[in-house]
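Quick notes on the structure that follows.
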Protein chains: 2
Amino acid sequence: MLNGQKERNAPIRRAKRVTISDVSNALGLTKGTVSRALNGYPDISDSTRNRVRRVSEKMGYQPLSHAQAIKTGRTRSLGLVLQFGDHDSHRPFLADFLSGISHGASQENWTVTVATADSDGDTLKTVQQLLDERKADGFILPRTMTDDPRVRLLRDASAPFVLYGRTRDTTDCAWFDILGEDAMHDAVLRLAKQGHERIAFVNGGSEYYYSVLRLQGMLQGLKEAGITPDPDLIATDAVRPEDGAAATRQMLRLANPPTAFVFAVDMAALGLYQVAAEYGLAVGSDLSVIAYDGVPEGAFATPALTTFSVDSRQAGERLAALLIRRVRGEAVQNLRETANATLVERGSDGPPTMTSNHLVRVVSAHSKKSEYPKGGTK
Amino acid sequence: MLNGQKERNAPIRRAKRVTISDVSNALGLTKGTVSRALNGYPDISDSTRNRVRRVSEKMGYQPLSHAQAIKTGRTRSLGLVLQFGDHDSHRPFLADFLSGISHGASQENWTVTVATADSDGDTLKTVQQLLDERKADGFILPRTMTDDPRVRLLRDASAPFVLYGRTRDTTDCAWFDILGEDAMHDAVLRLAKQGHERIAFVNGGSEYYYSVLRLQGMLQGLKEAGITPDPDLIATDAVRPEDGAAATRQMLRLANPPTAFVFAVDMAALGLYQVAAEYGLAVGSDLSVIAYDGVPEGAFATPALTTFSVDSRQAGERLAALLIRRVRGEAVQNLRETANATLVERGSDGPPTMTSNHLVRVVSAHSKKSEYPKGGTK
DNA sequence: ACTGTTGCCGAAACCGGTTTCGGAACCAAC
DNA sequence: GTTGGTTCCGAAACCGGTTTCGGCAACAGT
């Protein structure tokens, strides 16, 4: 679609910039020479190069990125396509994440172009468009899936990108990721040490690769704690409170319910609180829960949610740095970093106050009771 | 600072685009003519113009914004500089807000460039830089202050901008805003109707213009309810839970404490919950509270916070549309829109269970008691 | 029939950079 | 004193558009 007809624009009066010609005139050189000097071409003598650098710095010369782009195709801007859909995904971290990206970008005098989409297809379309319009030189891909169509698209277009998260096929992939598997592992061991023997795991969206990893970490933790995994105590695809509540409810109705829960996602874990209230169970004693993400909402729950918090700002900053290096041609093998989530100990976990056997009686008692009155939360 | 030397770039293989020359060749016209035809110059015959439009559409021609920018100075991108500082400001709404902006921008084939800053000075510097580098044709200014330096900067540079919020000096200002004053007014009347007679108001950051407006709305509400305002029941600069807690605590210790609170900011209102727990007061009955913003955290408090929710996505979308029209030269007088917040009735308000006199006894009893044990929240 | 207008388009300059190409100057070697 | 090879810079083309200017053809006026 062409942008319509009579789009007559108002003039923007802006301070006139110092151009490369200004610099070259001041130096008595041609603009071609100045350009080559500044861009590190080898056929410029050191003395001239230094002279050019000094003068252009003094004159405050800054090349106009879109003027360079016309020849180079590069804009010095990184693209970020956020997909907001059904569940709130990265909503809570967004501010920090963006702040980190922007900070990392501006370090190198780059900018950030963001766009949003509301479906996978929409996201791909948007990425493609940004690429076509040269509005982004490369992309940061948050929330990577096990098999990610964005990766396929960009790989095929041989356009630079960097993942926030990992993925199955790592060909051409650079990434930054938090070791969620380690966090899950630690969470299980912590609960086991507190005396829990029935530990449930409620995983996040199964399309995301982090789910694969976190499950692995959890299972490894169980193994080290000497607990045999029980398939009934593993749920998937819980990302919203409702999902978490459903999973919790189902597991509590087992003949041998868990006394502790590990959630792969904070927001899902918040659903447990609601179910606990329904059954009259105290979170942090009757029922323990540890989750992952560090969303602000967790701090406002009572008791506050023990969680593994990720530093989204750092993630953003590292991703920006990595992507810039990627655009500049560095090999992906050098561009893979990880970091750890940090445990925030709060009040939602602790030694169990009842055994699984005791718990099952409380739950069933409540179930019978609530068949008559319309079981309220209060 | 010049971007260093040997920044040798990797080639990006990208689908080759159809350029204006391709189109002009196909038509047997010069590229100048094609350009003028597409951009609505009057010296092109209707028949030619239509022919050009048809063919370029069929060929999928899309002008490269940075190629146009080199001559026009415009990139078709709107700038958004987010300031994250001390308190979390727009953190919770950011996702929706961005989504709205991005959506509004892409409607007209524009893009969004975002940057972040962590102080007022930093923000101004960033805006200036984006302007200098032509990375943004105009700016969306969220959280406008009564006297906003960003407005002064952009006004002086005669660069287009649009406010999210209003400000004192409206010269050259276009805006979109939510009528927070109406919300505050309605909140007061609602509480008054429930039977409250002592109604406190805890305002937000006093540098923001919304505080001026919301206070006005609140006072108007009191007036209509026939309640004389009490200066002791008005606090300011509460934007975080701690701030709200402090204000609440102070007012509860008055000889004649309020039974209801209106908060200008949700996050501050969450602090009241903590203080209520300290004093053993039940929110929603012993103490009523209504706030404003609609942050997700409010839904997770118990009881859930009654609040006036703002549609940030809509705000973003409208702002983008307004800014684009502004860049295209439309007069600011046509570019001023407002909308209303919508009341979300939840459990944090209701008829008072005690009079102010009764309340004061509960509070003082608790104060004495808590001098001995180390007063815990639990 | 001669002269102004007007409508419409081509030609060419321009925007601010990058990149290719060629040649002048200098040096060393034979 | 040629020749050959480097080193280093100027000249000019180029990128993909926009905008100014001028001129040709058609039309109207007298």
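Labels below follow one simple rule: chain letters A, B, ... track the order of the sequence lines, proteins then strands, and each chain is numbered from 1. Everything quoted here is computed from the prediction, not taken from an experiment.
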Original post:
From C/dC9, D/dA11, C/dT19, pick the nucleotide closest to the side chain of A/Y41?
Top reply: C/dT19
Report the residues that fulfil side-chain contact (heavy atoms from CB on, under 4.5 Å) with [X], sequence neighbours left out, ordered by chain and then residue number.
X: A/T171; value: A/R155, A/D169
X: A/D120; value: A/Q83, A/M145
X: A/S106; value: none

Original post:
Does a side-chain heavy-atom distance below 4.5 Å link B/E108 with B/R328?
Top reply: yes
What protein N or O atoms touch nucleotides 13-17 of chain C N or O atoms at under 3.5 angstrom, if any, and at what distances?
residue	atom	partner	partner atom	Å
C/dG17	OP2	A/I20	N	2.6
C/dG17	O5'	A/Y61	OH	2.9
C/dG17	N7	A/K31	NZ	2.6
C/dG17	O6	A/K31	NZ	2.9

Is [Y] paired with [X] through a side-chain N to carboxylate O contact shorter than 4.0 Å?
X: B/D147; Y: B/R152; value: yes
X: B/D22; Y: B/R17; value: no
X: A/D137; Y: A/R74; value: no

Original post:
Does a side-chain N or O from B/T33 land closer than 4.0 Å to OP1 or OP2 of C/dG10, or not?
Top reply: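 For B/T33, the contact criterion (side-chain N or O under 4.0 Å from OP1 or OP2 of C/dG10) is met.
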Original post:
Below 4.0 angstrom from OP1 or OP2 of C/dC8, is there any side-chain N or O of B/T48?
Top reply: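 So the side-chain polar atoms of B/T48 never come under 4.0 Å of the phosphate oxygens OP1 or OP2 of C/dC8.
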Subject >> Pair A/T48, A/R51: side-chain N/O donor-acceptor within cut-off below 3.5 Å >> reply: no
Original post:
B/S45 near the nucleic acid: base, sugar-phosphate alone, or nothing, with a heavy-atom cut-off under 4.0 Å?
Top reply: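 If one applies the 4.0 Å heavy-atom cut-off, B/S45 turns out to touch the sugar-phosphate alone, with no base involved.
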Original post:
Nearest nucleotide by nearest heavy atom, which residue falls closer to the 5' end of DNA chain D, A/G32 or A/D46?
Top reply: A/D46
Can you check the [X] [atom1] to [N] [atom2] distance for me, whole Å?
X: B/R36; N: C/dG10; atom1: CZ; atom2: P; answer: 8 Å
X: B/H66; N: C/dT18; atom1: NE2; atom2: P; answer: 13 Å
X: A/D43; N: D/dA11; atom1: CG; atom2: P; answer: 15 Å
X: A/R51; N: D/dC9; atom1: CZ; atom2: C1'; answer: 11 Å

Subject >> Bend angle of the helix from C/dA1-D/dT30 to C/dC30-D/dG1, from helix axes over five pairs at each end, nearest 10° >> reply: 60°
**OP:** State which residues pass side-chain hydrogen bond (donor to acceptor under 3.5 Å, both in side chains) with A/S312; sequence neighbours excluded, sorted by chain then number.
**Re:** none
